[in-house]
Amino acid sequence: MKKPVIGLTPSLDSDHHTMQARLHYLQAIEAAGGIPLLLPPLSPDTVREASLVCDGLLFTGGVDVHPSRYGEEMLAACGEVCPQRDEMELSLLRLALERDLPVLGICRGIQLINVGLGGTLWQDLPSQTGSPLCHSQRPPFDMTVHTVRIEEASPLFSLLGTHEYAVNSTHHQAVRDCAPSLRAAARSSDGIIEAVWRPESRFLLGVQWHPEFRFASDKGAAALFSALVRSCG
Ligand code: MN
């Protein structure tokens, strides 16, 4: 049987006119039985054509989504943004929803999905929420730093098989108001939403942590990539 092709989006470095993707994402998809395919931010027509080759999509980590995308002014504590990447990924998300393609979002990916579906973000957790938890850890990134509580009604609970799960954390933003069609699937002990899912989709899951750093050492991390690839069948 043909292996599912998973399209994923690189980070852009406009200063050097280059794009890059952490190999961990590609290796995690490969280990799960999929073929990773990088989708560059070219013209809308090319992005649409390229997306037709894909059986599923992975929205990866990266810089902050521009706050204008969720109707806010940019706060001083908002980080670097990349409007070109926002534009491309938001169209990819629309294309994926049209075809009900399986979608996994990681870190920026969960934020992008939430914004694309009409939700909002915390632009900066430390200054806006005063959370005492460490959400921006230092390396090594395969080390866990806080736990999340998994909602039993979510597909994440069937994938991880546990109520409490330890995660790594390298974000300063997070989902604030969940988009109307999304449901929270996990929260950290400070109440921040760390995972979402969309009941009406075949498979649409976003996580705020980074399973790509742990797919080789943690069954729960590998299970997320396997679920994405399996849902494409
Ligand atoms: Mn976190």
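Because the structure is predicted, anything quoted here is derived from the model rather than measured. Indexing begins at 1, ligand by ligand and atom by atom, following the structure's order.
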What N, O or S atom of [X] is found closest to the Mn ion (ligand 1)?
X: His135; answer: ND1
X: Glu194; answer: OE2
X: His146; answer: NE2

Practice prompt. Determine the interplanar angle of the Phe225 and Phe215 rings, folded into 0 to 90°, and report it as parallel if under 30°, tilted if 30 to 60°, perpendicular if over 60°.
Written response: perpendicular
For the residue pair [Y] / [X], report whether a side-chain donor-acceptor contact shorter than 3.5 Å exists.
X: His171; Y: Gln173; value: no
X: Gln208; Y: His135; value: no
X: Ser43; Y: Asp45; value: no

Discussion item. Any N/O/S atom from Cys134 (main chain or side chain) under 2.8 Å of the Mn ion (ligand 1)?
Written reply: no
Item to complete: Answer yes or no for Ser169: is there an N/O/S atom below the 2.8 Å cut-off from the Mn ion (ligand 1)?
Response: yes
Worksheet item: Below 4.0 angstrom, N of the basic side chain to O of the carboxylate: do Arg183 and Glu151 qualify?
Response: no
